[in-house]
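Not measured: the values here are computed from a predicted model. So that the names make sense, note that chain A is the first sequence line, chain B the second, and so on, each numbered from 1.
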Protein chains: 2
Amino acid sequence: MALSDRRESILQIVIQDYIETATPVASRHVVERYALPTSAATIRHEMQLLESEGYLTHPHTSAGRIPSNRGYRHFVQSLMGHAELGVAEQATVRHQFFQAAPAVDEWADLAATVLAQSLGLLAIVAPPQPQRLRVRQLELISLNDLLALMIVVVQEARVIRQLTPLPAPCPPEQLDALAHRLNIDVSGQDADAVRNFPAADADEQAVLDTLARVLDRDIERSGAASIAGLGGVVSQPEFHAEPERSLQMIELVDRQTITQFVPHATLQAGGLRVLIGDDNPSDFLHDCSLVVAPYGAEYGRSGYVAIIGPTRMNYSRSVAAARFHSALLQEMMDTVYGGSA
Amino acid sequence: MALSDRRESILQIVIQDYIETATPVASRHVVERYALPTSAATIRHEMQLLESEGYLTHPHTSAGRIPSNRGYRHFVQSLMGHAELGVAEQATVRHQFFQAAPAVDEWADLAATVLAQSLGLLAIVAPPQPQRLRVRQLELISLNDLLALMIVVVQEARVIRQLTPLPAPCPPEQLDALAHRLNIDVSGQDADAVRNFPAADADEQAVLDTLARVLDRDIERSGAASIAGLGGVVSQPEFHAEPERSLQMIELVDRQTITQFVPHATLQAGGLRVLIGDDNPSDFLHDCSLVVAPYGAEYGRSGYVAIIGPTRMNYSRSVAAARFHSALLQEMMDTVYGGSA
DNA sequence: GTTAGCACTCTCACAGGGAGAGTGCCAGCG
DNA sequence: CGCTGGCACTCTCCCTGTGAGAGTGCTAAC
């Protein structure tokens, strides 16, 4: 059933006002602040209808109206429009990204920090998780005769460091030669290929073993998401009132387990999702909303940018910011690692 | 003035009981729980004396006694003895460390997590910060004609990655040659030397500029400490009562600014310090205590292991844990990087 | 359809009071 | 002279009640 124009704009006013003030909005407040050409009683009547249709509720008899989950959903789908971040803000963020070290983890850290800062909500940014890692370039640096530092640049946007022991003493020049030799062979290969590669001597074998092991290990490790904005989100009035919820949130962030609530498995490339209140599968987030935008699907299991906050979050800004950052991360990855993906 | 034996053991009982229960300890509670051969009135009398000497206070007339900062200090210096971590716990932690990747940052993460977990307090672990970085090896990887990925291996156990723009188009083979040429020149040099190096052409100049900038920048960045245990510390009853203090703590951790409260500048190699209450220079920590143990002084500006919690922390366990972890980190660094420092 | 008026309900803040906990002090005892 | 039992005193905590304020729901009139 469609809402009348006036009722729709009242719904929009109530939601935007509540998002801003975090207090139930009263009929009189609406007519005064927004200079409507009707009386408070009329607004009350319309609000009653909106409530009977499930878009609004009120916490108790003598309180103003607050949006229901259904109200928020309608707002996100039909009312809020399609905002974008300001040009100046976009430029600032872009600049920061190009200043940063060109590593996916660093970008994730940076994106999480910037998002958290600008929204005052919890931001989680996970880098894409490659299915397999393929060597792009291999360097060996002699620490001493029996120990070398291995540096592997992989095609999947990552640099790995690992110590590798050498069974036989190997002076620096010889090690250089070894690296040069192996580079030709292993370039573009994944762990399995490296493992099956015939080694010429014991040193080569040791290096190949370490390399294969490290390629496997780093796949696991690369899932680590960056989280920022805990301070902002627990400062939100909804958490202020319930200390035990704050504590749960803090624990979840401290142990990084909050990431399990992001439905990354069901994301479509390029698709942005907004989960409002009980859309969230987890009980813990039943009073929260989550905005998630995937990126980098072509680099393995998709990475994502997620925003978590109370259902009374600024959806317009959150969606715009999530969209912008996921696109930017995609662009960064394509620029730096795209040529070889 | 020396305390009588009995008064001293009453002080010890009060402090240990308060550390355990977090509630002011009453005279009757002491005689009952610890089966003392005296009456509550006697204990009360002794407590009055301890209070007049400044070792105890009580929050209001009809409350039991709590230790004052002076009481805690006396406890730490004379009463608590010198505990060590259990053998089994030591073995478990050692095992975890030798499983981890051989990178200082990883160790710091691990140590912070383990400490926070086992103490229920905030743990901060900072890796040693080198005074200057010297190039060991430089690699340039062509991303496209105008953009290269620079990888710098520095002698101080660190790998830096950075994007560098190229003013003139430069195909991969040419870039390789450039890297090879520069490598001979910059190997062993620090930022200042690199900056003063005469460049042969515009590309070389651009690379050298980026390199010098990056060497400087990474010194700052390498201080990044690992922090864990926020959940544990704000669950402590002293924070539970004061939400705005919790919020401050959360903000400080979220923005990593809590590290500025660790007095790392004044640390002696091998020396462990315990700052109790207003020993702390910062107002924010006036109701907290801090245990800090340095390590790795020979690798630059000393790293440290720090524990932060309410003054009512378990000093014995905290000191033992901090001491153990700093020694372990020292040992790990010596094993892996000792040869080349 | 809109509006003014009014009764009703619920929250919030504050004050008062009783129970409980623990001390401080005093007088008496070994 | 140190130790102890007893008792009055004080302070917190929790519960209750009350009054003001806010905002709605309803009704009757325009």
Side-chain angles (χ1 to χ4, degrees), chain A residues 2-11 13-15 17-18 21-68 71 237-238 240-243, chain B residues 2-11 13-15 17-18 21-68 71 237-238 240-243:
Chain A
L3 294 170
S4 79
D5 278 2
R6 188 173 68 181
R7 216 173 300 163
E8 195 129 270
S9 67
I10 290 174
L11 178 58
I13 284 177
V14 170
I15 294 180
D17 202 276
Y18 185 64
T21 64
T23 49
V25 351
S27 52
R28 187 146 48 93
H29 175 78
V30 170
V31 289
E32 283 175 5
R33 174 156 180 197
Y34 299 91
L36 297 195
T38 54
S39 79
T42 311
I43 303 297
R44 269 207 292 284
H45 185 59
E46 296 283 35
M47 282 173 159
Q48 262 181 307
L49 296 179
L50 282 165
E51 179 160 358
S52 73
E53 291 168 287
Y55 294 103
L56 296 177
T57 7
H58 57 241
H60 56 85
T61 20
S62 78
R65 292 307 201 295
I66 62 175
S68 67
E238 328 3 47
H240 218 266
E242 296 181 72
Chain B
L3 294 170
S4 80
D5 279 2
R6 186 173 71 180
R7 217 173 300 164
E8 195 130 89
S9 65
I10 290 174
L11 179 57
I13 283 176
V14 170
I15 294 180
D17 201 275
Y18 184 64
T21 64
T23 50
V25 350
S27 52
R28 188 146 47 92
H29 174 78
V30 170
V31 288
E32 282 176 6
R33 173 154 179 200
Y34 299 91
L36 298 194
T38 54
S39 78
T42 311
I43 303 297
R44 268 206 292 285
H45 184 59
E46 297 282 37
M47 283 173 159
Q48 263 181 307
L49 296 178
L50 281 165
E51 180 161 357
S52 72
E53 291 168 289
Y55 294 103
L56 297 177
T57 6
H58 57 245
H60 56 84
T61 18
S62 78
R65 293 308 201 292
I66 62 175
S68 68
E238 14 293 268
H240 219 266
E242 295 181 73

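One interatomic measurement links the two molecules: CZ of A:Arg28 to C1' of D:dT24, which rounds to 11 Å at whole-angstrom precision. Remark: C1' of D:dC3 and CG of B:Leu36 are 14 Å apart, rounded to the nearest angstrom. Separating the NE2 atom of A:His29 from the P atom of D:dT24 is a distance of 11 Å, rounded to the nearest angstrom.
Legend: salt bridge (charged side-chain N to carboxylate O under 4.0 Å, His left out) pairs involving residues 38-49 of chain B, not counting sequence neighbours, sorted by first then second residue: B:Arg6-B:Glu46, B:Arg7-B:Glu46.
Taken from CD1 in A:Ile10 to CG in A:Leu49, the straight-line distance is 9.5 Å, to the nearest 0.5 Å. Note that OG1 of B:Thr21 and CZ of B:Arg33 are 7.5 Å apart. Values are rounded to the nearest 0.5 Å. Rounding to the nearest 0.5 Å gives a distance of 5.0 Å between CG of B:Leu36 and CD1 of B:Ile13.
The nearest pair of heavy atoms linking A:Ala40 to A:Val31 is N-CG1, 4.0 Å. Contact record, A:Pro59 with A:Gly64: CD-O, 3.6 Å, taken as the closest heavy-atom pair. Between A:Pro67 and A:Leu56, the shortest heavy-atom distance links the atoms CA-CD2, 3.8 Å. Between B:Thr23 and B:Tyr18, the closest heavy-atom pair is O-CD1, 3.3 Å. What you find for B:Val14 and B:Met47 is that their closest heavy atoms are CG2-CE, 3.8 Å. In terms of heavy-atom proximity, B:Ala241 sits nearest to B:Pro243 at O-CD, 3.2 Å.
The environment of NE2 in A:His58 is crowded: more than 12 heavy-atom neighbours from other residues, nucleotides or ligands sit within 6.0 Å.
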Find every protein N or O atom lying less than 3.5 Å from an N or O atom of nucleotides 26-30 of chain D, and list the pairs.
{"residue": "D:dC26", "atom": "OP2", "partner": "A:Gln48", "partner atom": "NE2", "Å": "3.2"}

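Listed for the B:Ser27 side chain is no donor-acceptor partner under 3.5 Å among the backbone atoms of B:Ile43.
In terms of the side-chain hydrogen bond (donor to acceptor under 3.5 Å, both in side chains) criterion, residue partners of A:His29 (sequence neighbours excluded) are, by chain and number, A:Asp17.
Scanning residues 56-67 of chain A for heavy-atom distances under 4.0 Å to DNA chain C yields A:His60, A:Thr61, A:Ser62.
The footprint of chain A on DNA chain C, defined by a heavy-atom cutoff below 4.0 Å, extends from C:dT2 to C:dT11.
For the helix from C:dG1-D:dC30 to C:dG30-D:dC1, the axis fitted to the five pairs at one end and the axis fitted to the five pairs at the other end meet at an angle of 20° (nearest 10 degrees).
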